[in-house]
Amino acid sequence: KNEVEQSPQNLTAQEGEFITINCSYSVGISALHWLQQHPGGGIVSLFMLSSGKKKHGRLIATINIQEKHSSLHITASHPRDSAVYICAVREVTGNQFYFGTGTSLTVIP
Amino acid sequence: EAGVTQSPTHLIKTRGQQATLRCSPISGHTSVYWYQQALGLGLQFLLWYDEGEERNRGNFPPRFSGRQFPNYSSELNVNALELEDSALYLCASSLYTGFYTDTQYFGPGTRLTVL
């Protein structure tokens, strides 16, 4: 069973398009993280959410605790946004982490 | 400020051997997390150390172990290596501020290959 489900698995977009990646989870959480992994493996933490919405530049992350769902939006996408985006949750006990399998995004110039 | 560092970058071992991976957290961070990312699979949580103690471990056999030193650096040991242990091992560090809020900062990873 997967505690965290992401969709879509793969996404190809034209430069400038608005992109949405979705994440649903089945456990009670204390926090949800959106991570970005570039080819070669390096991971950057984009957002940590426990409620509401956060914005950083062209990136927006939202979470609906009642529906156990989060979305990551990228406005005006750019080829440098091409990466794997991973949703991760920290279970409410604080001790277990679960990861989605990632969404591979390719932005074409 | 230096980020999370890991060594070695690459490690090649044969089946049955032991591997030791090292992680130095960001200065001031007390929590260190270890994750495994096998080829084609997602990240999986391995271990969490804070203030020198193991706080929790993921669903991995006991041959995966580690420790955290007084300077908060950490070591991951994998004994009796198996072919399926080949993976990218990522370390992350954070300030443990309690229940809710600890953004994790990831290191570049150690790629372990078991032949």
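Note that the structure is a prediction, hence the values are computed from the model and not measured.
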Does any heavy atom of chain B fall under 4.5 Å from the side chain of I86(A), the backbone, both, or neither of them?
-> side chain

Part of Y105(B) within contact of chain A (heavy atom distance under 4.5 Å) = neither

Indicate the atoms forming the closest heavy-atom contact of D81(A) with Q36(A), along with that distance.
-> O-NE2, 4.4 Å

Tell me, do F47(A) and L72(A) make a side-chain contact under 4.5 Å, heavy atoms counted?
-> yes

Answer yes or no on whether R90(A) is positioned over the face of W48(B), meaning its NZ or CZ is under 6.0 Å from the six-membered ring centre and within 45° of the axis.
-> yes

Relative to chain A, which segment of L88(B) carries a heavy atom at a distance below 4.5 Å: side chain, backbone, both, or neither?
-> side chain

Is it the backbone or the side chain of L41(B) that comes under 4.5 Å from a heavy atom of chain A, or both, or neither?
-> neither

Have a look at R67(B) and tell me which of E54(B), E53(B), E75(B) forms a salt bridge (Lys or Arg N to Asp or Glu O under 4.0 Å) with it.
-> E75(B)

